[in-house]
Amino acid sequence: MPQCVHDSKLAQQELPACKPLLTPAWVIAMFILVAAAFVPIGAFALLASLNVVEIVDQYDNICIPDATTNDQRVKHIQNYQTDKSCMRVLKVLKDMKGPIHIFYQLEHFFQNHRRYVKSRSDQQLLKGHASNASLDGCKPENVFNNQVIVPCGLIAWSLFNDTFSFLVNNQSLSVNRNGISWKSDRDFKFGKNVFPSNFPNNYPAGPNGNVVGGAKLNEALPLSDNEDLIVWMRTAAFPKFRKPWGKIEHGLSAGDLITINITNVYNTYAFGGRKKLVISTTSWLGGKNCFLGIAYLTVGGFSIIWAVVFFILHYRSAR
Amino acid sequence: MAQKKNRIRLSKLYSYACSRPSVAEGNVPVPVTGPGFSRVVYCNQPSLHKAKPFKYRSNYVSTTKYNVVTFFPKALFEQFRRVANLYFLFAAALSLTPLAPFTAASLIAPLVFVVGLSMTKEAIEDWRRFLQDEEVNKRKVKVHVGGGKFELTQWQKLQVGDVVLVEKDNFFPADLLLLSSSYPDGICYVETMNLDGETNLKLKKSPERTVELDEDSEFGNFRGIIKCEDPNADLYTFVGNLEYNEDVIPLGPQQILLRDSKLRNTTFVYGVVIFSGHDTKVMQNSTEPPSKRSSIERKMDYIIYLLFSVLLLIGTVGSIVFGLKTKYDMPKWWYMRPDDTTIFFNPKKSVVAALLHLVTALILYGYLIPISLYVSIEIVKVLQAMFINQDLEMYYPETDTPARARTSNLNEELGMVDTILSDKTGTLTCNMMEFIKCSIAGTPYGKGVTEVEKATAKRLGKGSPDTDAAVESENINGEDSGIEMTSKPHVKGFNFQDDRIMNGNWIHEPHSDDIRMFLRILAICQTAIPEEDASTGTISYEAESPDEASFVVAARELGFEFYKRTQSSVLLREFDPTTLKRVQREYKILNLLEFNSTRKRMSVVVQDESGQIFLFCKGADSVIFERLKNNGRKYEDSTKKHLATYGDAGLRTLALAYRKLDEAEYTEWNAIFVKAKTTVGANREELLDEASEKIEKDLILVGATAVEDKLQKGVPECIDHLAQAGLKIWVLTGDKMETAINIGFACSLLRQGMQQIIISLENSSEAKAAEQSQDKEMLTKVSMESITQQISNGQQKIISESNEDSAFALIIDGKALSYALKDSLKDELLRLATSCASVICCRVSPKQKALVTQLVRKGTGKTTLAIGDGANDVGMIQEADIGVGISGVEGMQAVMASDFAIAQFRFLERLLIVHGHWCYKRISIMICYFFYKNITFGLTLFYFEAYTSFSGQSAYNDWYMSLFNVFFSSLPVLALGVFEKDVPARVCLEFPTLYQQGTKNMFFNWPYILAWMFNGLCSSAITYFFAINIYQHQAFRKGGQTVGLEELGAAMYTCVVWTVNLQIALIISYFTWIQHLFIWGSIGLWYLFLVVYGSIKPDLSTTAYKVLVEALAPTPSYWILVLVIVIACLLPYFVVTAIHNSFWPKDHHILQEMMHLQKHTRDPEMWSREGSKARHKTAIGCSARVEDKIRQLKMHARHNR
């Protein structure tokens, strides 16, 4: 045997192999298998979604004086002096088991726009002034009064700042505002010793070219404890998104009246966005969305149809 | 020197005396000056050539593409000549600007990886070439170092002006001027097979004046100056003068020994180096090997262009929308500070922003174009080539040569071949003549079996049962063909088996006198020179041609040993029937009448010891038969019958005859002959012919010989199988028409009953007349007309043929081709040729071989394969889509020019039908899959854009994307490309029609490619729209968290990774552990990557930070989202494939199913029935021969009834 030719199974392309083949029986079996798995999963998923109780209330159009043009609305919302408080009463139609999650929902807000997504500094969020990373990505919200802004960038600057307080049947309702963000974000992405400083929203607008965006930041509260900011800074994937705001630990019963005091200050009027408040229970799959269940049932259904079609075709015209 | 005494002045021997009368001495030297004749060589003074102006190129030869300095720029340039790579280069360059949607490293790293890999491959290949060059450059030759001493020196150190001593069977290291040789008259024999493919030896002769320089010591003071032409590529001309001892001696091609030719039959020669290294004629002739690309790769370019258009289209759409959004919506989006933006998002300059965005989009959607496609294909092809190299079935143990894929980029082209153009000598045949049969006195002798008979017998044995009976009655040989070779060692050139006349048994045969005469003619009527091996006493022969050698060998083996030749006689050791002893006899050679192609015969006039004068003659049967005496025709009929049988078996036949001459008759004739011989002038040949004509008559026929131009092992079967696979086979040979036709029969390319259309100027009398008149214009015109006429006659013949079983063969010679290949006729020729079952071109020059190849390649637009072994095949090998060289023989030119090298012609079957088929399918499916996976991935990016107002934000982390092609989807596709087998090798061979899948390009046509792209489109759409609907704004887990960009990106990417990897699992029909490892490994790798990457610092891992561990893995909705999307993506493909396989199955599906049901073991009858159905109906090959025979027998039987 010469050295350059090897009589091995690999070299001779004779490795033991299994050769799966799409015989009709196999095809039918595969379809039945898929159907058998997908239909039950679909049913469970659909059931889970249907059992979720969700109250959605759009308040942006209500918590603003009536009969105004959009320009007037924008003016109204930008005016510091006007009263922006607003009260909503919602009725619980079905029993809701705790914990109940409270979200705010924004529409037509492009948190996923490239300019917006990039406008942050992860280094700074973690290390604050100690970070010497370039803050160019944060422009124009990187420097204010010739000093670095912490946290810099458009995302932090445009933090959602409507506030909500809840009464159930005129009893005050405690809402847990903690634990709404990802733990890893709190622990590793936002510094425990990083405090907001020189944050433009904390200063009045005007003289030195300051433009106020969203919420003010409490300079005594470290970033890692500011869960609203943490949640906000995990940018949404789509222009219509919900962000968790808090949790009601115990359940609500049908017929309960929820009174919500809203301070409606966040400007969605400028870009025609909507604001909604969502009170929802969750299932093992999360919130209310029937698509998953339907998708499973559809795929499962198709599989059954194909299994039948193949069965008929094959046994009619066996090759 | 004892040897010297034995030497015969060969030039004084009759044969040579006749052949070279025109080399008259004392030619006038031509003045060698002027442009093109500037070269001056100072013989034996190489030191003078060390400085200008006489510094010529060294003898170092390099065929590498790069050197250390040029490698980097040149190889890099080569890489970026590919459009796709260039695009990625621009993308990488732009990634350093803020335009890029990704980080620079994530774009540059894959490009560096991919280009680096390709360049490494180039470097390795070039290194191999370098090693090959080194081998040649380091060969050694004896060079004069001064004072009459010769020392072994490396070829590369040789310089112009050096005197070298080349010994027998060695190659000449450079172009030399022959000074002297071991023969006293300064002649030597040269084998030029490497240069022109001709196997017969060429005679070279040194100038008369330098003949004396035949010993080392004589070179101490040798001086001479050669003034000659500059280096050029013409092998057959040389003009120069040698100034030696105050004489000026003219030099011609006769005195020049060319590099790469070989010294034969001559102990040594002395020569002076005239041209060295790249100046030599052979190197001047070598053309840059054309870089060939397979048709699949050429088509792939178009697919890439298509994808570029798609890229540009979606990029433009995106940019327009982005521009509009920026202009009209952006001012309202206060949260993006539209009042203070960079140029990229400035609403006031939305047009500029849109244009810049286009650049961003082109980079972003770049994932539509698979960056790793080229490099993956290259890796796959190299590995495929390794499998070809490793194949034991294509390994030839006798010469220790495995098959070699020399360029790996044509592997898949092997599966698409339509026409094979084959050389004959050395390719189909071994260039070995074997005496195999003879017919003496009307009785056939010889039980040897030729290759073609073996193949036919085998086919007959395997024939279908209903025809077996019919065939059994007639055995092809008419005798028992099953005899085994005796244990006696095989004698070269002799494959004759018959106890009736071997070992002296012939004396008991009825016509023993005739047999004796037959053997005597064999032993005497020849021009070979015997050489006795002093130690063993065995005699070997040096003959001009291998057929002649086989005759003397046959005579020796049958008891008439020719052992010595003197100036005027031939000495034999004969078996004497009366005394039963071996006696020595001397035959005086009185005259020798040369063989040439017009006479087609040779004769000797001899006088035996008793003084009786004989004329022995051997020649072509037609020539001999017309010169027979009336009472010498006793055996004519039976001999003719035997000759026909031999001819059909492809044997080369000659008839043998003699006549007795009485003294007076001879003397009278000899006077005429001597007069003719001594005539000097143009009509000398004519006079000689006339003289010969006068004595070569009234012959008595004794018999005929049949020599097998030994086919290489397995050639007939191989041709048969290739024909069954639907391949067309053309033979292009430099040999004469008769030989070519013989081989045609031997290979079953021709058979009895096939109509031959012969196109030649030989039988056109007008052309001959025109030739004689030497009016060139006239000649061209007449020849053109004649050829045109012949071609249209041939076409008429085919059209008018009504019997659909009849087949045609086109046989055309070189001279006719030179006219038929002209622009006005070549299309007609091609049309005629393609309607014939086999085409044989004979007497074609290397150039014509290339032209014919070009005609077929361009004319039919189909894939051509040229196979050859000699330098004369180089043109054709380079011209064809695929060139195959026969390796293991001495000449390397063909192999060096070839794309694949195999040791034996028969390996071609496996190379094409097995490896070609596999590689074709592997590569074409692999490329389709590549586009599929990148479309699946790339389009999800585009859809997502629509939801980000086309801002250029991608859904995935940068590193997910750049690693997609490199890690998460690369290995399974490599496994597919390297290991996939639709059916095992033996099934490929048993069902040759499977090969047509490649020839018809069933797996890489536009519908097929577009179907795959459509599949990609579906998968991407399903992935994206399912994902965004499942992960809407609602909470996606029990804890109430909502989906962010991170989670959506990672989840969608998981779906893509699963989909593309499971898709390939559905394609693969051959799962070894490797495929399993790669597919499941790739998916596992993605998770592993996500865990590892997600656990490094968040400022590096950004959006991937803990996304799997914290957010996705503990979430049920993630897993069931992946499950439904992946299954939904695969479902369309699965349904379509299942329907196809069940209701419109392709050949390989049926075979797979039959294999699956174990039909080949459980129901071999059905298996073989299917097998015979799966054969292309052929008009050539031994199957066709067998079928033809069966048809004849059936007709015969019907007739009898």
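Chain letters run A, B, ... following the sequence lines, proteins first, then strands; residues in each count from 1. Owing to the predicted nature of the structure, the values given are computational and were not obtained by experimental measurement.
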TODO: Indicate yes or no: at least one non-hydrogen side-chain atom of R114(A) is less than 4.5 angstrom from one of T360(B).
DONE: yes

Open item on the list: Could you work out, with disulfide bond (SG atoms under 2.5 Å apart) as the rule, every residue matching C138(A), not counting sequence neighbours?
Closed with: C152(A)

Task: Aromatic ring proximity F271(A)/Y335(B), centre distance under 6.0 Å - done: yes

Open item on the list: Give me the atom names and distance for the closest heavy-atom approach of F387(B) to L10(A).
Closed with: CE2-O, 3.0 Å

Task: Flag side-chain contact, heavy atom, 4.5 Å: R337(B) against K139(A) - done: no

TODO: May I ask you to check whether F1026(B) and F291(A) place their ring centers less than 6.0 Å from one another?
DONE: yes

- [ ] Inspect the surroundings of CZ in F302(A) and state if more than 12 heavy atoms from other residues, nucleotides or ligands are less than 6.0 Å away.
- [x] no

Open item on the list: Taking every non-hydrogen pair under 4.5 Å, which of S158(A), S8(A), A37(A) racks up the most with chain B?
Closed with: S158(A)

- [ ] Scan side-chain atoms only and decide if Q953(B) and K118(A) contain a donor-acceptor pair under the 3.5 Å cut-off.
- [x] yes

TODO: With sequence neighbours excluded, tell me which residues meet ring pair (Phe, Tyr, Trp, His ring centres under 6.0 Å) with W157(A).
DONE: W334(B)

Open item on the list: Using modelled atom types and a 3.5 Å cut-off, is there a donor and acceptor pairing between side-chain atoms of E1110(B) and backbone atoms of K183(A)?
Closed with: yes

- [ ] With the side chain counted from C-beta on, respond yes when F1134(B) and W306(A) share a heavy-atom pair under 4.5 Å apart, and no when they do not.
- [x] no

Open item on the list: I'd like to know whether the aromatic ring centres of F103(A) and H1033(B) sit less than 6.0 Å apart in this structure.
Closed with: no

